[in-house]
Amino acid sequence: MPTRKIIKTKHFFEEEFVESLAEVSTEKVKRWGPGTELKVVGKPISRLDGYDKVSGTAQYTFDISLPNMAFAKILRSSLPHAKIKKIDISEAKKLLGVFAIMTHENAPEISWYRGSYLFDPHVRYQGDEVACVAAETENIAEEAIKLIEVEYEELPFVIDAEKAMQPDAAKLYDEGNIDGGKPSVYERGDVETGFAEADTVVEDTFTTQVTVHNPSEVHCSVVNWDGDRLTVWDSTQGIFSVRDTVASSLKIPASHVRVIKNYMGGGFGSKLATGKYTVMAALLAREIGRPVKIALDRKEQNLAVGNRPDSVQKLKVAAKMDGRLTAMTHYSYGAAGAYPSGAGCSWPFRTVYKCPNVRTEEYTVFINAGPGRPMRAPGNVQGTFAMDSIIDEIAEKIDMDPLEFRLKNYVEKDQVFNVPYTSKRLREAYEQGAKAIGWQRRNKKPGTGSGSIKRGIGMATQIWWGGGGPPAYAMLKLNRDGSARVLVGSQDLGTGTYTFIAQVASEVLEIPIDNIQVILGDTGACPYCGSSGGSTTAPSVSPAVRDAAEQMKAKLISGAAAALDTSEDQLVYSEGVITSTLDEKKSMPISDIVRGMRERVLVTTGAREANPKGYTTNSFGAQFADVEVDTATGKVKVLKVVAAHDIGRILNRKTLENQIHGGIIQGLSFALMEERVIDEYTGKVLTTNMHDYKLPTILDAPDIEVIIVSDADPLISSTGVKGVGEPPIIPTAGAIANAVYNAIGVRIKSLPITPDKVLMALYP
Ligand code: MOS
């Protein structure tokens, strides 16, 4: 029988302890540890939802259409900072086809972020919600919005983090613009002593820009009331989190809300939090007695649903002539927009390179711009660019190869918590990555290549959490015909969740993957699972699915023992058939066993076991970039990126490579192209469409070589899986920046590395 125990876990984003009672059988089965050969798991199986997606039958939230459905649109503030003095909806209401209009004057008072409201008469950024209209068609709703007259009292605004930190700056909140009123400080050792014993010290400042998630599918909800019960279709990374936020906002029981999300076109962190638009649609739907659909447009996407905070990072690092780091300090601030979202970016600095004396000080600052949100490896993307840039600088100063310098400061243990890692294969990533890129080809002296197009090679290191953990459950149903159905309350963001779940169940039950159906994304049907964020989905869900399948196998063996009148330990399970080792005529396929047990269906529920105590689980990696810089135009072309990562066990080689390719292209785009620009005189965003906000195309994509240096994590869970969603974006910008320096011999310290910056640096 499974063991029952209390599991304590720490949720990555909320930092709260979750307790759960879970029945876990996987402690009794052999782990899929290093060296375990598997038949289905790890193989490059095409995604199960691929056909639905390319044929157009996959139903995204945007595709949901209900009878009698109304459409909602949001009127957003045109000013970066204002108080609404008067709002007149009378003309808009007269428009034929308008059903209802909600503003702060007639909507229920619903608290939102820290003292703000769902409809708040104090608007804090261009794009903040002012009113919401429900109408017969989307066009009518849009027309109605134009007819709403708003009289604003303009307030002074601030759009720059450094200015926002000044005492006389315009205030977004009474308590000031620094989140929490003070910096977040980390310290170990004594940095003064560390600097005093150093042979050399380097100080530098690096900056990164605000970027916007811009997932291909826009944020969208469809809501439908049935009496006092609400169904929400939502393009979200967390169905249960949306359920809970919608329920608490509307003051109805969570059990009265069902959230569904079948397919999704990406989120990257912008779809972790529940959108105001979802709650607004639910309020309007209740008022007008019709289903309501609300879909944001690309402009709203660029203004109002999240961004990666920018950063200013002032670093000081010190080393001995033999390469050992003796002290490092990191002082940073970043603009998280008008509503709270951490802008801290020093985590890699505290953890990646061995250093006894470290101090970091981080400020998260409010400005009058769209809300910051977690965005694919929040903080580590910004921090790694700065950290790996200055590491290259100090290595050059003591005339040491940058890779050798990194190996010199290699750390075996987690320096922050002073515990071992469950596994760490960074050394292998350095070695294999360097070999694949041809590290020896780099310019020994930066900028010395001949001709006007200069070539260079650079590298950077990746660290990320991503070990996952409980609570995550999986329900497995086995039918009489031998087919199975797995239900998990997780969601597939486009990352391959459907496919790896089927692979894990197929591996354990030894039945064809085509006989397994996976149901995700429905709080009304599936057992609880956390949000898909922090690279936690595969490491949390895969062991829960394995647990459910192992329990099913145990159930079948016990059923077969009774049917075949033999003892369980004389039975072997192979390819969905159970046979007696003593008499091979005593043999039954699982369909006969279910029948023999007089059951129509067998059901098991699996759970994610607790993480091992006293360890940190991190993923590691290194990326190497080979670039070309045109010194006449300033254009950087990334020719090749080698990505060598330790991500534990591979669940599916194909979807894994997809993830890594996506991360690198998004990282390249962060390094060279993307930037949200705000006009400093009006406080308005100038980059609200896909023309002005520059994203890469396939022509910008480099040759990518993926090397996985890990086999399986021996300790983390029964499947040995760590997450891979975020790791591949983390080191890309740092590797490219170092490669650009290696090519041209001048360092660009401000992202994105656009041609104008390259030319200014080359010809000051
Ligand atoms: Mo992410 S920023 O964990 O979606």
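Please read all numbers here as calculations on a predicted model, not as lab measurements. As the structure lists them, so they are numbered: ligands from 1, and atoms in each ligand from 1. Position 1 is the first residue of the sequence; numbering continues from there.
Proximity of the aromatic rings of Y498 and Y263 is defined here by a centroid distance below 6.0 angstrom, and this criterion is met. The distance between the ring centers of Y363 and Y331 falls below 6.0 angstrom.
Under 4.0 angstrom from ligand 1, the non-hydrogen atoms of R376 all belong to its backbone.
Those atoms of ligand 1 with a heavy atom of P378 less than 4.0 angstrom away are 2 (S). In summary, the atoms of ligand 1 found under 4.0 Å from a heavy atom of M375, numbered by their order in the structure, are 2 (S). Interface atoms of ligand 1 facing P374, defined by a heavy-atom separation under 4.0 Å, are 2 (S). Less than 4.0 angstrom separates some heavy atom of G533 from each of these atoms of ligand 1: 3 (O).
Annotation: side-chain contact (heavy atoms from CB on, under 4.5 Å) contacts of S535 (sequence neighbours excluded): W464, E726, P727.
Atoms NE2 and CD1, on H661 and I704 in that order, are 5.0 Å from each other to the nearest 0.5 Å.
Any N or O atom pair closer than 3.5 Å counts here, and G534 shares at least one such pair with ligand 1. Residue G269 has at least one N or O atom closer than 3.5 Å to an N or O atom of ligand 1.
Remark: K299 NZ is loosely packed, at most 12 non-hydrogen atoms of other residues, nucleotides or ligands lying under 6.0 Å away.
Within the structure, the closest approach of E726 to ligand 1 falls below 4.0 Å when heavy atoms are considered. The closest approach between a heavy atom of G267 and any atom of ligand 1 is not below 4.0 Å.
Geometrically, K722 does not engage F620 in a cation-pi contact, judged by NZ or CZ lying under 6.0 Å from the ring centre and within 45° of the ring axis.
When the options F417, Y421, W347 are evaluated for a ring pair (Phe, Tyr, Trp, His ring centres under 6.0 Å) with W465, the one that passes is W347.
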